[in-house]
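Worth knowing before you read on, the calculation uses all heavy atoms, side chains too, and leaves out hydrogens, waters and symmetry mates.
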Number of protein chains: 2
Amino acid sequence: MTAPEQDGRRRKGERRRKLLIEATMRVIERDGLPAVSQRVVAQEAGVPPSAVTYYFPAVDDMLVAALTACNDDYLAGLAECAAAPDPLARLAELIVESSGPRRAYVAAEYELFLLAARHPALQAEATRWVGAVDAFLAPLVPDPVRRTGVAAAVEGLFLRCFYAADPPDAAGVHAILTTLVGGQASAAAETSQSRSADSGSSA
Amino acid sequence: MTAPEQDGRRRKGERRRKLLIEATMRVIERDGLPAVSQRVVAQEAGVPPSAVTYYFPAVDDMLVAALTACNDDYLAGLAECAAAPDPLARLAELIVESSGPRRAYVAAEYELFLLAARHPALQAEATRWVGAVDAFLAPLVPDPVRRTGVAAAVEGLFLRCFYAADPPDAAGVHAILTTLVGGQASAAAETSQSRSADSGSSA
DNA sequence: GCACTACTGGAGCAGTCGCTCAGGTTTTTC
DNA sequence: GAAAAACCTGAGCGACTGCTCCAGTAGTGC
């Protein structure tokens, strides 16, 4: 009765499974979701095509696994933002990363949303993400109507950073977020929004 | 020297070209962008596969044409919103339609954004849409920082209406938009935003 | 040693893919 | 009428697709 994580065979399998998911993400980033196929991913990962079939019975399963993993990653990033001293500033950084090192993840995340309309398993993932964003914003934006609007803006900003020719920088995104959250603050106020006054007044 | 629009041959060709684009949109809505192929679109349109090749030398050309047509359609819708007595309310209706009769167009529009990162021709289309939204919001939101935020929220709301299991209704979207635009107005303010200073926005 | 399980990977099948091509029909021009 | 232009199509080629099958190998438990 060896535990799965101690079984050398299973550990090797898990490692390879992860390798395949990462390869899938790279393919999505480079050539888009339509380019994902067993053979392409296999070559990207440096494994024979049949290995892909072994870990993911169908291509669809591989896609779901990759997109779910991507969502996990984003949720972890969001949790990190919430724990930061200035959550909104950290979120702005996370958003801006979409134009650089994390391009693959944004592409995958939005392919996820698009696929969610047709795929029940991914519908749940999309809902999970939306719920997390709402929870993240709750302490900062008490009004639920405004909060939904800010959440929508976060989605839009992710998207814009991904496809725009000249994406905004972290400071710009931060200014936008504070403006939408603050409400009465008209222009990009230089007030560092680091005080936690709003967390106590309306909890 | 007959004008192209009077030539019976060309008119028939244009009609068929339009038919193919509409078929492409239907395929995108039903099975997603990866499902688009010459043969599938041909069957959807009820024409032989070679007819697709005749009008669109490559599948990529067909995709670009369909997505551009979709963008044209959205830009026309936005122009109509700007001309309405209450632009924001009309925009809310346009957004909510994404969960119903115009599902195909939202799917296509976001596939456009995703493809834009890789395809120059679609990059220009995406920029055109973003510019139009900005122009639409300009009279309503003077502050450019806030305006960019509201524009991002509009994108996010479109997306949410598309994939959400229970999408918001027009009144809800309208409340969100007025809250974000109004700034200090916390809940859905009843202020009718019916000034007609935005007649200059063209295209 | 043995049986058992997890993983490996080459071969191959039926189907679809994008795309070409040669020849056909309809419409316009002269 | 003839010639030209635009539109139309069935056949088919090589490449790729998802997926199956099955004879292997490596690691585990006894």
Side-chain angles (χ1 to χ4, degrees), chain A residues 1-24 26-28 30-67 111 115 118-119 121, chain B residues 1-24 26-28 30-67 111 115 118-119 121:
Chain A
M1 294 292 191
T2 313
E5 63 271 14
Q6 285 184 339
D7 192 326
R9 295 169 302 180
R10 286 179 187 267
R11 265 189 294 123
K12 194 176 178 184
E14 274 308 305
R15 220 181 308 134
R16 229 185 187 191
R17 189 186 164 88
K18 199 175 170 186
L19 195 79
L20 285 171
I21 289 181
E22 285 167 1
T24 305
R26 260 175 285 141
V27 173
I28 292 178
R30 194 193 331 119
D31 300 317
L33 190 127
V36 173
S37 77
Q38 292 176 330
R39 282 171 172 83
V40 169
V41 170
Q43 183 163 25
E44 176 71 33
V47 302
S50 51
V52 178
T53 310
Y54 179 78
Y55 287 98
F56 305 102
V59 175
D60 211 48
D61 300 320
M62 184 170 61
L63 244 33
V64 170
L67 268 41
E111 299 282 11
L115 238 59
R118 261 181 304 275
H119 208 302
Chain B
M1 299 10 173
T2 313
E5 62 272 16
Q6 285 184 340
D7 192 326
R9 295 169 301 181
R10 285 179 187 268
R11 266 189 294 124
K12 193 176 177 185
E14 276 307 306
R15 221 182 308 133
R16 228 183 185 193
R17 189 186 164 88
K18 200 175 169 186
L19 195 79
L20 285 171
I21 289 180
E22 286 167 0
T24 305
R26 260 176 284 141
V27 173
I28 292 178
R30 194 193 330 120
D31 301 315
L33 190 127
V36 173
S37 76
Q38 290 175 330
R39 284 171 171 84
V40 169
V41 170
Q43 184 163 23
E44 176 71 33
V47 301
S50 49
V52 178
T53 310
Y54 178 78
Y55 287 98
F56 305 101
V59 175
D60 212 47
D61 299 320
M62 185 170 61
L63 243 33
V64 169
L67 268 41
E111 299 282 11
L115 238 59
R118 262 182 302 276
H119 209 302

Query raised in the report: Quick one: is B:Gln38 getting a side-chain N or O under 4.0 Å of the C:dC19 phosphate, OP1 or OP2?
Result: yes

Requested in this report: Write down the atom of B:Val41, the atom of B:Leu20, and the distance for their closest heavy-atom approach.
Outcome: CG1-O, 3.8 Å

Query raised in the report: NZ of B:Lys12 versus P of C:dT28: gap in Å, rounded?
Result: 11 Å

Query - Heavy-atom side-chain proximity of B:Lys18 to B:Arg15 below 4.5 angstrom - result: no

Requested in this report: Would you indicate, yes or no, if C:dA6 has its OP1 or OP2 atom less than 4.0 angstrom from a side-chain nitrogen or oxygen of A:Tyr55?
Outcome: no

Report task. Identify the heavy atoms of A:Pro34 and B:Leu33 that sit nearest to each other, and give their distance. Result -> CG-CD2, 3.7 Å

Query raised in the report: OP1 or OP2 of C:dT28 less than 4.0 angstrom from a side-chain nitrogen or oxygen of B:Arg10, does that happen here?
Result: no

Query - OP1 or OP2 of D:dA6 under 4.0 Å from side-chain N/O of B:Arg16 - result: no

Requested in this report: Starting at atom CD of B:Glu14, determine the distance to atom C1' of C:dT27, rounded to an integer number of angstrom.
Outcome: 16 Å

Can you give each donor-acceptor pair under 3.5 Å made by side-chain atoms of residues 44-65 of chain A, sequence neighbours left out, with the distance rounded to 0.1 Å?
| unit_1 | atom_1 | unit_2 | atom_2 | d |
| --- | --- | --- | --- | --- |
| A:Glu44 | OE1 | A:Arg30 | NH2 | 2.2 |
| A:Glu44 | OE2 | A:Arg26 | NH1 | 2.6 |
| A:Asp60 | OD2 | A:His119 | NE2 | 2.8 |
| A:Asp61 | OD2 | A:Ala58 | N | 3.1 |

Report summary line: Between A:Tyr54 and A:Arg39, whichever has its closest DNA chain C nucleotide further toward 5' is A:Tyr54

Query raised in the report: Rounded to whole angstroms, how far apart are CG on A:Leu19 and P on C:dG9?
Result: 12 Å

Report summary line: To the nearest angstrom, the CZ-C1' distance between B:Arg15 and C:dT27 comes to 13 Å

Could you list, one pair per line, each protein nitrogen or oxygen that sits under 3.5 Å from a nitrogen or oxygen of nucleotides 22-24 of chain C, together with the distance?
none

Query raised in the report: Taking atom P of C:dC17 as reference, at what distance in whole Å does atom CG of B:Asp31 sit?
Result: 12 Å

Report task. Find the distance A:Leu33:CG to D:dT17:P and express it as a whole number of Å. Result -> 14 Å

Requested in this report: Would you kindly give the CE-to-P distance between A:Met62 and D:dT17, to the nearest whole Å?
Outcome: 11 Å

Report task. Measure from CZ on A:Phe56 to C1' on D:dG18 and round the result to the nearest Å. Result -> 15 Å

Query - Pairs satisfying side chain to side chain donor-acceptor pair (under 3.5 Å), at least one member in residues 33-43 of chain B, at least two apart - result: none

Report summary line: Note: contacts of residues 46-53 of chain A with DNA chain C (heavy atom, under 4.0 Å) are A:Pro48, A:Ser50

